[in-house]
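What's counted below: heavy atoms across the whole structure, side chains too, no hydrogens, waters or symmetry copies. Naming: A, B, ... by sequence-line order, numbering from 1 per chain.
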Number of protein chains: 2
Amino acid sequence: MATIKDVAKLAAVSPSTVSRVIAGSNRISLETKMRVHRAMEQLNYVPNAIARSLARSHTRTIGFTLARQADQAFSNPFFPEVMRGMSSVAQTKDYNILLSISRTAEEEKAKCLQLIRERRVDGLIVSTSRAKDPLIDALIKEDVPFVLIGRSMEKPVLSVNNDNVQAARLATSHLIQQGYHKIAFISGDTNLVVSLDRIDGYKQALIEHNLPLAAERIVEADFSIEGGFQALNRLKQSGVEFDAVMAADDLFALGALKFAEHYGLKVPEELGIVGFNDSPLMSFIDPPLTSVKILAYELGTEAMELLLNVLDDPEKARTKKEIVIASELIIRKSSQRCEEE
Amino acid sequence: MATIKDVAKLAAVSPSTVSRVIAGSNRISLETKMRVHRAMEQLNYVPNAIARSLARSHTRTIGFTLARQADQAFSNPFFPEVMRGMSSVAQTKDYNILLSISRTAEEEKAKCLQLIRERRVDGLIVSTSRAKDPLIDALIKEDVPFVLIGRSMEKPVLSVNNDNVQAARLATSHLIQQGYHKIAFISGDTNLVVSLDRIDGYKQALIEHNLPLAAERIVEADFSIEGGFQALNRLKQSGVEFDAVMAADDLFALGALKFAEHYGLKVPEELGIVGFNDSPLMSFIDPPLTSVKILAYELGTEAMELLLNVLDDPEKARTKKEIVIASELIIRKSSQRCEEE
DNA sequence: CTGTTAGCGCCTTCAG
DNA sequence: CTGAAGGCGCTAACAG
């Protein structure tokens with residue numbers, strides 16, 4: 001494999017000159033520039049990225065880490081879409097992505113720190129979103145450029161998030177407008193910021209419409225269809241009434257649908273259902289499920305762009321910046337009691 | 001950030017000695033070893049991976065590339081699962097993964113070549129699977145260690161694949177055993193090896209059971225639910241009869257279900273349906289859809305393991321090796337005409 | 001067992 | 001506009 005020296009020799013110049021034409025320096029005669037280019041082509045020369053990284057002490061690669069136990073995380077294409085988004089802007093700006101999938105949050109934290117301490121990456125995109133998050137603290141302490149997908153409740157960090165509060169508020173309002181007044185909320189793990197935010201939006205909608213804020217209608221469920229089903233069962237057994245379900249995830253919405261079927265409730269007539277994430281198959285369910293569509297691809301592009309900007313100009317990292325990507329309520333039959341189907 | 005020299009100074013030894021204890025050399029006195037360790041801790045020293053890569057001329061990172069146009073690729077969690085598998089073994093063997101998602105096959109090829117020419121990666125895992133694939137040719141020509149997820153019809157390369165032929169054969173046989181004798185096959189892009197293989201398995205099953213091999217029952221469809229629906233419509237309009245559908249993807253199976261609903265056909269009584277991939281929601285559809293479950297996670301682990309082995313011992317790359325991961329037919333109601341529901 | 005000496009391939013002052 | 005020299009941080013013979 002040809003090195004810069006080989007090219008220099010062939011072009012009868014010094015390595016520094018070759019280095020300069022690679023860098024696109026303009027204080028170089030057109031003639032030698034062409035000579036060098038010819039030599040590079042002839043030798044099929046490609047600069048060694050590692051050597052360059054060492055000399056420049058940056059790698060032009062971004063680490064993306066996430067912690068997932070099982071395949072549950074991928075039951076909807078959220079992360080894949082985020083990755084596509086990130087990858088897309090990384091490509092255009094000539095950055096690379098180092099991927100690391102861990103099993104636990106601790107593993108993820110360790111991996112993040114390793115990546116940056118080993119100097120394999122210039123920055124990090126992470127997506128944890130626990131209300132109390134040691135990873136974020138560690139990253140700040142280590143002084144790494146990073147952006148969070150989601151948001152931090154404690155620290156002023158760079159982040160890009162979807163508008164969970166607003167989305168839940170709108171979705172709940174939609175149900176209310178459809179005439180549902182006793183809306184149950186199925187939440188995911190309430191240690192997650194995203195859960196808290198969605199609950200918030202749900203509450204806001206109730207308040208806005210002067211509906212009672214019945215805390216007992218909010219239930220936490222295991223992250224599965226069955227979990228959603230069981231949560232509703234618990235509600236029913238406790239004698240809590242509800243005529244609609246605002247689900248913090250499509251899986252829960254599916255659980256609600258199962259619940260309706262189980263007890264012979266008609267959807268949407270007797271039970272309205274709205275989900276979150278708009279999984280690809282939602283439209284195919286019977287009845288088609290209303291769901292909040294999250295623009296995961298955009299989350300990815302924005303996160304990468306933000307990070308790359310900060311890398312360009314570290315000053316920017318000094319200030320908190322939270323980009324919010326609006327989601328979209330996709331209204332289908334499961335929540336439409338009034339209008340046409 | 002501390003370097004090896006700092007550690008050396010603090011421990012009052014030479015850098016090489018430090019290097020040796022990092023490498024875990026055993027021809028070093030326990031005493032100095034401990035002294036060095038103490039110095040490393042004190043300085044919070046972590047070896048710079050880039051410098052090490054340059055010196056050793058390998059990076060301990062594997063490139064994973066794939067080409068996807070839209071989110072279609074992620075409508076089922078195949079690639080995410082593959083990534084999880086790859087990542088899992090990479091972690092244990094202290095390798096990293098460089099991820100690149102391209103829009104087109106050409107872009108992917110360019111990216112692969114770039115990664116290896118720039119020496120960013122030691123090897124590649126790719127997942128193209130066109131019958132005629134320029135990427136594979138290029139990789140061979142470039143003499144890169146790589147393994148293919150899927151299989152090559154032309155070149156003897158290292159690959160790990162799921163048993164598409166066998167799986168389609170078994171799934172089709174299952175339909176036949178359930179009393180369906182006029183089975184239509186909805187195929188994806190027939191430029192892909194995977195499509196060809198599944199068609200093959202389908203044909204084998206027909207032959208085995210002495211059923212006529214009606215070529216007109218095989219239709220190619222756009223990769224979507226609608227595509228599957230339309231494909232069947234075309235069949236119907238051409239007057240081709242069928243009492244079951246073997247779908248090369250769950251999306252097509254869903255299209256078949258839509259078709260059944262549209263024409264008032266009962267599933268499974270009047271139309272049997274089997275899909276491919278066992279997407280998470282298949283079991284929730286009404287009726288639940290029979291589908292071939294592919295062990296994507298295992299494909300990922302096997303691919304990574306194979307590649308890492310080859311990297312250890314380049315001799316192994318000389319011989320073709322094709323690992324096949326068996327899939328599993330998940331039988332649900334949509335294909336069960338005989339037994340209990 | 002340990003230190004010295006050269007690189008790995010490229011970039012970057014510093015001169016001229 | 002171009003070359004020489006040194007360095008990025010680590011590893012790997014080669015001597016002792």
* To do: Please list, chain by chain and in numerical order, all residues satisfying side chain to side chain donor-acceptor pair (under 3.5 Å) with B:Glu107, sequence neighbours excluded.
  => none
* Within the side chain of B:Asn309, is there an N or O that forms a donor-acceptor pair under 3.5 Å with the backbone of B:Leu306? -> no
All N/O pairs under 3.5 Å across the protein-nucleotides 4-6 of chain C interface:
unit_1 : atom_1 : unit_2  : atom_2 : d
C:dT4  : O4     : B:Ser16 : OG     : 2.9

* Any chance the side chains of B:Asn96 and A:Arg120 put a donor and an acceptor closer than 3.5 Å? -> yes
* More than 12 heavy atoms from other groups under 6.0 Å of NZ on A:Lys93 -> yes
* Which residue pairs pass the side-chain hydrogen bond (donor to acceptor under 3.5 Å, both in side chains) test with at least one member in residues 9-26 of chain A, sequence neighbours excluded? -> A:Ser14-A:Ser16, A:Ser14-A:Thr17
* To do: For the residue pair B:Thr301 and B:Arg84, confirm or rule out a side-chain donor-acceptor distance under 3.5 Å.
  => no
* Which part of the nucleic acid, if any, lies within reach of B:Val18 when heavy atoms closer than 4.0 Å are counted: base, sugar-phosphate only, or nothing? -> nothing
* To do: Compare the minimum distances between each of C:dC11, C:dC10, C:dT2 and the side chain of A:Thr3, then state the nucleotide with the smallest one.
  => C:dC10
* Name the first nucleotide and the last nucleotide along DNA chain D (5' to 3') that come under 4.0 Å of a heavy atom in chain A. => D:dC1 to D:dG9
* To do: Calculate, to the nearest 0.5 Å, the distance between atoms CD1 and CG belonging to A:Ile97 and B:Leu98 respectively.
  => 8.5 Å
* Of all residues at least two apart in sequence or in a different chain, which pass the side chain to side chain donor-acceptor pair (under 3.5 Å) check with A:Lys132? -> A:Glu154
Show the atom names and distances, to 0.1 Å, of all donor-acceptor pairs under 3.5 Å that link a side chain in residues 30-42 of chain A to residues at least two apart or in another chain.
unit_1  : atom_1 : unit_2  : atom_2 : d
A:Thr32 : OG1    : A:Ser29 : O      : 3.2
A:Thr32 : OG1    : A:Ser29 : OG     : 3.2
A:Arg35 : NH1    : A:Ala11 : O      : 2.5

* In whole angstrom, what separates A:Ile28's CD1 from C:dC11's P? -> 12 Å
* Listed in order of residue number, which residues of residues 43-57 of chain A have a non-hydrogen atom at under 4.0 Å from DNA chain D? -> A:Leu54, A:Ala55
* Asked: Between the side chain of B:Asp122 and the main-chain N/O of B:Thr59, is any donor-acceptor distance below 3.5 Å?
  -> yes
* Could you list the residues that satisfy side chain to side chain contact (heavy atoms under 4.5 Å, CB included) with B:Leu295, not counting sequence neighbours? => B:Lys293, B:Glu298, B:Ile325
* Asked: Does the side chain of B:Thr3 come under 3.5 Å of the side chain of B:Tyr45 through a donor N or O and an acceptor N or O?
  -> no
* Of A:Met1 and B:Glu31, whose closest DNA chain C nucleotide lies nearer the 5' terminus? -> B:Glu31
* Structure fact -> Expected list for residues 114-122 of chain B near DNA chain D, using heavy atoms below 4.0 Å, is none
* To do: Please check if the side chain of B:Arg60 supplies one atom and the backbone of B:Asp94 the other of a donor-acceptor pair under 3.5 Å.
  => yes
* Taking five pairs at each end of the helix from C:dC1-D:dG16 to C:dG16-D:dC1, what angle separates the two helix axes (nearest 10°)? -> 40°
What pairs of donor and acceptor atoms, side-chain ones from residues 48-55 of chain A against any protein atom, are under 3.5 angstrom apart with sequence neighbours left out?
unit_1  : atom_1 : unit_2  : atom_2 : d
A:Asn48 : OD1    : A:Ile50 : N      : 2.7
A:Asn48 : OD1    : A:Ala51 : N      : 3.0
A:Ser53 : OG     : A:Ala49 : O      : 2.9
A:Ser53 : OG     : A:His58 : O      : 3.4

* side chain to side chain donor-acceptor pair (under 3.5 Å) involving B:Gln91 - partner list, sequence neighbours excluded -> A:Ser100
